[in-house]
Amino acid sequence: EEYLVGSRVTRLPEDAQPRHTAWLNGMSDEQLYLQQYCESTLSMVTWFCARSIFDRLGGFSEVGRGDPEDLQFFYRHLDAGGKLARA
């Protein structure tokens, strides 16, 4: 199966966005799936995936100014049947 994999995050400064950080780091595998359309349940800065996935989905679109290209990629991955995992 084709996975977009991420990891837990540490914020610098450590007190930046404490509720969001706790949400990201505290999710179970089931919650990664159940909450995937609330927001990106894996922090983009921790993503890794096979190059074939990135290329097939068209990479990041930088067409529009202020466009959330990471979130759009995340949703294209899910819509194509991709899975999520945390390392």
Side-chain angles (χ1 to χ4, degrees):
E1 296 190 46
E2 304 211 349
Y3 283 89
L4 181 62
V5 180
S7 68
R8 289 179 170 77
V9 295
T10 301
R11 301 278 187 181
L12 294 175
E14 289 184 16
D15 61 347
Q17 298 183 312
R19 288 179 45 198
H20 188 253
T21 302
W23 177 74
L24 283 172
N25 290 338
M27 275 187 281
S28 66
D29 290 340
E30 181 181 33
Q31 288 171 313
L32 281 177
Y33 173 76
L34 292 176
Q35 297 182 31
Q36 64 190 352
Y37 285 104
C38 292
E39 185 179 328
S40 175
T41 52
L42 296 171
S43 179
M44 187 279 245
V45 298
T46 70
W47 292 354
F48 58 101
C49 65
R51 182 66 191 207
S52 60
I53 295 171
F54 185 82
D55 291 341
R56 186 176 58 258
L57 296 175
F60 289 143
S61 170
E62 298 189 26
V63 175
R65 183 177 174 176
D67 201 35
E69 66 274 358
D70 56 339
L71 192 57
Q72 290 176 354
F73 180 88
F74 184 80
Y75 289 148
R76 284 197 314 271
H77 172 72
L78 297 174
D79 292 344
K83 306 290 185 206
L84 304 175
R86 181 177 288 132

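A chain of hydrophobic side-chain contacts below 4.5 Å, direct or via other Ile, Leu, Val, Met, Phe, Trp or Tyr residues, connects Phe48 to Tyr3.
In the hydrophobic clustering (ILVMFWY side chains linked at under 4.5 Å, chained through shared members), Val45 stands by itself. Within the hydrophobic cluster formed by Ile, Leu, Val, Met, Phe, Trp and Tyr side chains joined at under 4.5 Å, directly or through other members, Leu34 is accompanied by Tyr33.
Within the 4.5 Å cutoff, the side chain of Leu4 has no heavy atoms near those of the Ile53 side chain. Side chains of Leu57 and Glu2 form no contact here, defined as non-hydrogen atoms less than 4.5 Å apart.
Counting only distance, with no hydrogens or angles, the side chain of Asp29 and the backbone of Ala85 share no donor-acceptor pair below 3.5 Å.
For the pair Leu32 and Arg86, the tightest heavy-atom approach, listed with the atom from each and the gap, is CD2-NH2, 3.7 Å. Looking at every heavy atom in both residues, Val5 comes nearest to Leu42 through C-CD1, 4.2 Å. Val63 and Ser61 get closest at one heavy-atom pair: CG2-OG, 3.2 Å.
Under the rule for a ring-ring contact (aromatic ring centres under 6.0 Å, His included), the partners of Tyr75 that lie at least two apart in sequence or sit in another chain are Tyr37. Every residue meeting the ring-ring contact (aromatic ring centres under 6.0 Å, His included) condition with Phe60, not counting sequence neighbours, appears here in chain and number order: Phe54, Phe73. Applying the side chain to side chain contact (heavy atoms under 4.5 Å, CB included) test to Gln35 and every residue at least two apart in sequence or in another chain returns Trp23, Met27, Gln31, Cys38, Thr41.
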- Item | Check against side-chain contact (heavy atoms from CB on, under 4.5 Å), Leu84 and His77 | CA-CA 9 Å; Leu84 304 175; His77 172 72; 4.2 Å; yes
With a cut-off of 3.5 Å and sequence neighbours excluded, list every side-chain donor-acceptor pair involving residues 65-72.
from: Asp67; atom 1: OD1; to: Gln72; atom 2: NE2; distance (Å): 3.0
from: Asp67; atom 1: OD2; to: Gln72; atom 2: NE2; distance (Å): 3.4

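Note that the CZ atom of Arg19 and the CG atom of Leu24 stand 12.5 Å from one another [nearest 0.5 Å].
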